[in-house]
Amino acid sequence: MGIPSNERLPGLSRLFSGGLAGARGLVGYLSSVMGADAYDRYCAHLAANHPDREPPTEKEFWREHMDWMEKNPQGRCC
């Protein structure tokens, strides 16, 4: 009496898992564009290029970053 439920949409599970991976990729991309991953990238840079230096706390990093941005204005959308 009809098609068994597991055979109706065989690609649905693949589509769903692909959709999740795509959503994660989109969130990662948008975070990167917005600068949300700047602290993590800075810590990775310090570890790779200056292993003797201790990274600042995230709060210190953002304070210094914002101070630098105020002193060195760049083209921004707002």
Side-chain angles (χ1 to χ4, degrees):
M1 327 274 160
I3 301 171
S5 62
N6 63 344
E7 294 178 13
R8 270 187 233 157
L9 299 169
L12 186 60
S13 63
R14 282 184 284 153
L15 177 65
F16 183 68
S17 67
L20 283 177
R24 286 188 190 110
L26 179 61
V27 168
Y29 171 75
L30 291 175
S31 294
S32 175
V33 168
M34 299 301 291
D37 64 344
Y39 177 71
D40 294 331
R41 288 186 293 121
Y42 181 69
C43 288
H45 165 79
L46 282 180
N49 298 301
H50 310 282
D52 55 320
R53 291 177 55 189
E54 186 175 330
T57 65
E58 190 167 2
K59 185 177 180 178
E60 292 169 337
F61 168 79
W62 286 112
R63 182 179 298 129
E64 292 172 12
H65 181 71
M66 292 302 175
D67 288 346
W68 183 88
M69 287 180 64
E70 285 182 15
K71 292 175 186 169
N72 303 289
Q74 306 286 315
R76 298 185 209 155
C77 66
C78 306

Novice: Test of understanding: with side-chain hydrogen bond (donor to acceptor under 3.5 Å, both in side chains), list the residues that count as partners of R63, not counting sequence neighbours.
Specialist: none
Novice: Tell me which pairs pass salt bridge (charged side-chain N to carboxylate O under 4.0 Å, His left out) where either residue lies in residues 41-58, with sequence neighbours left out.
Specialist: D37-R41
Novice: For N49, check side-chain hydrogen bond (donor to acceptor under 3.5 Å, both in side chains) against everything at least two apart and list the hits.
Specialist: H45
Novice: Looking at P55 and L46, what are the two nearest heavy atoms and their distance?
Specialist: CA-CD1, 3.6 Å
Novice: With H65, which residues qualify under ring pair (Phe, Tyr, Trp, His ring centres under 6.0 Å), at least two apart?
Specialist: F61, W62
Novice: Taking side-chain hydrogen bond (donor to acceptor under 3.5 Å, both in side chains) as the test, write out the residues that go with E60, two or more places apart.
Specialist: T57
